[in-house]
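Take a look at the structure below.
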Amino acid sequence: MTVLVLGGAGYIGSHAVDQLVEKGYDVAVVDNLVTGHRQAVHPKARFYEGDIRDKSFLQSVFAKEKVEGILHFAAFSLVGESVEKPLKYFNNNIYGMQVLLEVMEEYGVKNIVFSSTAATYGEPEETPITETTPQKPTNPYGESKLTMEKMMKWCHEAYGMNFVALRYFNVAGAKENSSIGEDHDPETHLVPIILQVALGQRDSLKIFGTDYPTPDGTCIRDYVQVVDLIAAHILALEYLKNGGESTAFNLGSNTGYSVKEMLEAARKVTGKVIPAEVAPRRAGDPSILVASADKAKAILGWQPQHTDVEDIIQTAWNWHVSHPKGYNDKK
Ligand code: UDP
């Protein structure tokens with residue numbers, strides 16, 4: 001039986017494929033390589049290049065593979081871009097989920113572990129955020145992921161499909177041996193941008209807003225290491241295979257770090273000056289997003305190994321130093 005990883009050539013998906021293969025799973029990957037990298041896919045996984053919205057393509061994959069469960073990472077994920085181009089997000093994310101659920105139904109595939117996001121909560125009224133905190137997204141990206149969660153819920157009720165929605169907070173870092181890592185073009189995320197400044201690839205970090213209602217005025221986020229994040233996906237897959245009920249889990253560290261604290265931590269890890277300058281707020285950024293991940297720990301038995309943010313940054317730094325141009329495979 002095969003685990004099908006959709007979006008398995010992307011940053012997070014490639015870490016999933018790698019960990020599944022290392023744990024002895026039979027793995028097939030679908031990716032359209034719009035943002036993913038072919039080299040990021042573990043050579044032991046079967047690779048199908050194509051788009052999940054292409055129904056006949058997806059059917060052909062399901063016809064070839066005996067799929068026991070799906071990990072679904074294939075989506076666009078940039079908050080700012082989603083505000084500018086909501087239809088792009090609705091088409092890829094929501095319509096992609098529509099086609100996927102149709103094909104799962106057709107082939108009788110029951111289990112799906114889904115990449116959801118803290119962005120489904122919007123500007124939360126409480127901290128830390130639990131899974132019962134109201135979901136009120138403030139951007140089309142969060143809205144698309146919330147809609148995808150709801151689609152799975154209704155298909156669960158109608159067709160007996162089982163799902164786990166994993167609501168990620170801020171994912172960072174790379175596999176410890178640096179064989180895979182984060183390579184976005186353009187890069188928009190804090191940790192890789194700070195490290196690109198440390199490498200001299202950018203002049204300075206722009207700190208987006210220093211007037212937030214936080215102790216140092218910069219936004220607070222909860223960082224989770226990508227290898228730990230993926231461990232939760234495999235636990236969630238096994239949970240579903242063992243008859244666990246369909247539900248959502250937050251994945252974070254229960255600890256928040258401000259942008260300035262992340263910068264300081266990165267200066268310590270890299271030993272570099274890392275120049276920074278104050279810039280205006282970025283549209284759509286909530287001031288504080290910190291997870292309670294107690295439910296994932298209690299029910300899935302999730303135990304993140306990288307609880308120190310310097311340790312997380314260190315794994316990202318090792319990747320950036322060893323791959324200063326990322327995968328360098330411009331298609
Ligand atoms: N951020 C920043 N400068 C940058 C990129 C990000 O100050 O060049 C801030 C951003 O405003 C947010 C935090 O860093 O408060 C994390 O942003 P990121 O894009 O990494 O993740 P998000 O929280 O949007 O998912």
Side-chain angles (χ1 to χ4, degrees), residues 10-12 35 73 75-84 89 93 115-124 127-129 135 137-146 166-174 181-226 229 250-253 255-267 274-291 309 312-313 315-317 319-320:
Y11 165 46
I12 300 176
T35 56
F73 301 93
F76 291 137
S77 61
L78 301 179
V79 168
E81 184 188 54
S82 80
V83 176
E84 308 275 313
Y89 278 68
N93 297 5
S115 303
S116 190
T117 169
T120 60
Y121 295 111
E123 182 77 53
T127 189
I129 295 168
Q135 288 174 291
T138 51
N139 55 65
Y141 165 60
E143 193 74 67
S144 73
K145 289 273 172 160
L146 179 57
L166 297 174
R167 298 182 187 144
Y168 309 165
F169 284 64
N170 287 60
V171 187
E182 187 166 11
D183 178 6
H184 295 119
D185 186 15
E187 188 53 75
T188 65
H189 294 110
L190 181 67
V191 170
I193 286 180
I194 290 176
L195 298 180
Q196 286 173 353
V197 178
L199 279 175
Q201 296 175 344
R202 292 173 188 258
D203 294 338
S204 71
L205 169 72
K206 291 190 169 48
I207 299 173
F208 295 148
T210 52
D211 58 349
Y212 284 96
T214 60
D216 68 18
T218 65
C219 288
I220 291 177
R221 294 287 180 272
D222 179 338
Y223 293 85
V224 52
Q225 214 274 352
V226 66
L229 182 95
N250 288 341
L251 297 181
S253 69
T255 316
Y257 292 89
S258 73
V259 174
K260 283 187 178 167
E261 287 172 332
M262 291 301 284
L263 176 62
E264 275 317 311
R267 284 173 173 155
I274 315 185
E277 59 188 288
V278 175
R281 286 184 178 200
R282 188 173 68 177
D285 273 344
S287 46
I288 304 176
L289 289 175
V290 178
V309 84
I312 297 176
I313 294 171
T315 66
W317 180 233
W319 157 259
H320 282 275

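The first residue of the sequence shown is numbered 1, and numbering continues consecutively from there. As the structure lists them, so they are numbered: ligands from 1, and atoms in each ligand from 1. Since this is a predicted model, take the numbers as computed values, not measurements.
Remark: ligand 1 and Tyr223 share no N or O pair separated by less than 3.5 Å (distance only, no angle test). In terms of N/O distances under 3.5 Å, ligand 1 is approached by Arg221. Between Phe208 and ligand 1, an N or O atom pair is found at a separation short of 3.5 Å.
Near Ile207, meaning under 4.0 Å from one of its heavy atoms, ligand 1 places the atoms 7 (O). Heavy-atom proximity to Cys219, at under 4.0 Å, picks out these atoms of ligand 1: 15 (O). Of all atoms in ligand 1, numbered sequentially from 1 with element shown, those under 4.0 Å from a heavy atom of Lys206 are 2 (C), 3 (N), 4 (C), 7 (O), 8 (O). Heavy-atom contacts of Thr188 reach the following atoms of ligand 1: 5 (C), 19 (O) (cutoff under 4.0 Å).
Ranking the protein heavy atoms by distance from atom 20 (O) of ligand 1 puts Leu190 N, 2.7 Å first. Closest to atom 19 (O) of ligand 1 among all protein heavy atoms lies Arg282 NH2, 3.0 Å. Looking from atom 11 (O) of ligand 1 to the surrounding protein, the closest heavy atom is Asp285 OD2, 2.6 Å.
For Glu187 (side chain) and His189 (main-chain N/O), a donor-acceptor pair under 3.5 Å exists by modelled atom type. Looking only at distances, a side-chain donor or acceptor of Asp222 sits under 3.5 Å from a matching main-chain atom of Ser253. Formation of a donor-acceptor pair under 3.5 Å by the Arg281 side chain with backbone atoms of Asp211 is found in this model.
Minimum heavy-atom separation, Ser115 to Phe73: OG-CD2, 3.1 Å. When all heavy atoms of Gly181 and Ala174 are compared, the closest pair comes out as CA-CB, 3.8 Å. The two residues Ile220 and Pro215 have their closest heavy-atom pair at CD1-CD, 4.1 Å.
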Query raised in the report: Checking side-chain hydrogen bond (donor to acceptor under 3.5 Å, both in side chains) for the pair Gln135/Thr120: CA distance, chi angles, key distance, verdict?
Result: CA-CA 5 Å; Gln135 288 174 291; Thr120 60; 3.0 Å; yes
**Report entry** Test side-chain hydrogen bond (donor to acceptor under 3.5 Å, both in side chains) applied to Glu81 and Tyr141, step by step
**Finding:** CA-CA 8 Å; Glu81 184 188 54; Tyr141 165 60; over 6 Å; no
Query raised in the report: Could you walk me through whether Val191 and Met262 pass the side chain to side chain contact (heavy atoms under 4.5 Å, CB included) check?
Result: CA-CA 8 Å; Val191 170; Met262 291 301 284; 3.7 Å; yes
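Heavy-atom distances between Ile193 and ligand 1 reach below 4.0 Å in at least one pair.
Using a 4.0 Å cut-off between heavy atoms, Asn170 contacts ligand 1 through its side chain alone, with no backbone atom that close. Contacts between His189 and ligand 1 below 4.0 angstrom, taking non-hydrogen atoms only, involve backbone and side chain alike. Under 4.0 angstrom from ligand 1, the non-hydrogen atoms of Val259 all belong to its side chain.
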